[in-house]
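Notes follow the structure.
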Amino acid sequence: MTTVEKAKKYAMPNFGERDFVVESGKGCYIFDEKGRKYLDFGAGIAVASLGHANARWLKALAGQAAKISHCSNLYLTKPNADLCQALVQRIGPGKVMMCNSGTEANEALIKAARLRGLSVSGKEGAKSRIITAINGFHGRTLGAVAATAQYKIQHGFEPLLQGFSYGEFNNLESFAKLMGDDVAAILVEPVQGESGVTPATKEFLKGLRALADKYNAMLLFDEVQCGFARSGKFLACQKYGVKPDGVSMAKGLGGSFPIGAVWLAKPYQDVFTPGTHGTTFGGNPLACAVALATIAEVDSKKLEANASSMGALLSRGLRALVKKYPDKLECERGLGLMRAAIFKPEYKNTEVCAKLRENGLILIPSGANGLRFLPPLNIKAADVNKALKIFESTLEKL
Ligand SMILES: Cc1ncc(COP(=O)(O)O)c(C=O)c1O
């Protein structure tokens with residue numbers, strides 16, 4: 001049986017029909033079972049920050065695995081404490097807890113906001129409502145599903161977790177109308193990733209900060225996709241100069257290893273008292289050692305700056321293509337190395353994505369008609385230009 005046949009028979013069909021089997025990766029390339037090479041501008045959906053099989057990352061993985069991989073959160077480990085410190089140093093005064101994924105990091109933010117709402121109001125549920133943005137994406141566990149204001153994500157899972165209201169992204173007035181003293185938190189992505197890569201406006205995020213302050217609510221940013229140096233700063237909100245009260249991270253943090261993290265600012269850092277939250281796997285020494293190596297590589301190779309300059313190069317190239325092919329492309333948008341080309345409605349992004357793959361370029365569909373460019377943070381100009389070339393030659397033939 002081939003891998004495709006086996007998966008069809010034994011793997012659940014929730015990811016849809018899949019026929020592309022990845023065998024290995026090196027740098028910004030992945031290889032299929034026949035040894036064919038593809039330029040990977042998906043990076044596992046913004047996960048492989050350093051590309052594939054990075055030397056420092058591999059050394060940290062093997063070194064820590066040989067020492068100890070897991071020992072439970074009943075005990076301390078140096079990699080875990082070091083990673084908490086590294087994140088606080090990069091985000092701001094506060095404390096950190098690790099988990100395994102983006103959705104779990106958001107669950108922790110939701111729980112933190114509700115615990116803090118209880119301590120402020122003194123009454124269970126009195127300050128528990130969370131406002132999120134329409135077309136946002138926060139994950140697939142049930143709290144995160146309730147936070148994700150998209151019918152296709154929520155459909156089938158009623159009754160949803162109560163206490164969520166949804167405002168229009170980049171429309172401050174719409175959020176202002178939803179505010180009240182019962183609001184525990186506002187939770188948004190500084191750049192919406194799954195619905196077509198839409199960056200927030202500065203006025204919007206600043207306005208949310210002011211609204212949260214006015215109603216004594218927390219401002220929480222989901223930086224699962226846009227965080228970890230991809231924007232050109234460690235967090236995308238730092239690019240905007242807006243300070244949150246809590247942040248969720250995952251994806252790029254482990255540079256391909258599953259890990260998530262939640263940071264809470266100083267006034268909220270001790271909201272999780274013993275027994276209120278936990279995880280078996282989250283923040284085990286293996287995951288933390290690998291994340292620390294990923295951070296060390298981001299620092300030593302100046303990958304925040306690289307994300308800015310390569311993002312600008314990519315953006316310029318895509319804007320030129322939007323001008324050249326106005327009948328096919330609507331626009332390009334994004335922040336740093338999180339960008340999308342938006343197609344005219346008559347082009348199906350999944351079909352274009354499949355053609356691009358045939359031509360050796362991996363991109364990721366986003367929203368109804370977008371294709372996302374999320375290359376590794378250490379991508380070089382020659383590879384950005386190569387991706388633009390493949391993109392254009394595919395575009396020409398559509
Ligand atoms: C902004 C955002 N939040 C949360 C998630 C969920 O992360 P995970 O798939 O690791 O649970 C994603 C995943 O795409 C995301 O883009």
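Any value given below was found using the heavy atoms of this structure, including those in side chains, with hydrogens, waters and symmetry copies removed. A quick note: this is a predicted structure, and the numbers were derived from the prediction, not measured. Every number for a ligand or one of its atoms is a count from 1 in the order of the listing. Nothing fancy with the numbering, it's 1 onward along the sequence.
- In terms of protein heavy atoms, atom 7 (O) of ligand 1 is closest to G102 CA, 3.3 Å.
- Aromatic ring orientation, Y166 versus F164: parallel (interplanar angle below 30°, classes split at 30° and 60°).
- Protein heavy atoms are found less than 4.0 angstrom from atom 10 (O) of ligand 1.
- In the vicinity of S101, heavy-atom distances shorter than 4.0 Å reach the ligand 1 atoms 10 (O), 11 (O).
- Against a heavy-atom cut-off of under 4.0 Å, V224 is close to the following atoms of ligand 1: 2 (C), 3 (N), 4 (C), 5 (C), 7 (O), 12 (C), 15 (C).
- Counting heavy atoms closer than 4.0 Å to ligand 1, residue N106 contributes side-chain atoms (C-beta onward) but none from N, CA, C or O.
- Ring-centre distance between F169 and F204: below the 6.0 Å cut-off.
- Counting heavy atoms under 4.0 Å from ligand 1, residue R140 does not touch it at all.
- If you check which protein heavy atom lies closest to atom 3 (N) of ligand 1, you get D222 OD2, 2.7 Å.
- Around atom 13 (C) of ligand 1, the closest heavy atom drawn from H138, Q225, Q192, K251 belongs to K251.
- The structure places CG of L363 at 13.5 Å from CZ of R339, a figure rounded to the nearest 0.5 Å.
- Contact annotation for E189 and ligand 1: only side-chain heavy atoms (C-beta onward) come within less than 4.0 Å of the ligand.
- The shortest contact between atom 2 (C) of ligand 1 and any protein heavy atom is with F137 O, 3.3 Å.
- Contact record, L161 with A146: O-CB, 3.6 Å, taken as the closest heavy-atom pair.
- Considering only heavy atoms from C-beta on, I91 comes within 4.5 Å of M249 through its side chain.
- Two rings, from Y38 and F31, have their centers 6.0 Å or more apart.
- Residue H138 forms a side-chain hydrogen bond (donor to acceptor under 3.5 Å, both in side chains) with just one option from D222, T148, T132, T103, and that option is D222.
- Within the 3.5 Å criterion, the main-chain N or O of V242 finds no donor-acceptor partner in the side chain of R209.
- Both the backbone and the side chain of T103 come within contact range of ligand 1, each with a heavy atom under 4.0 Å.
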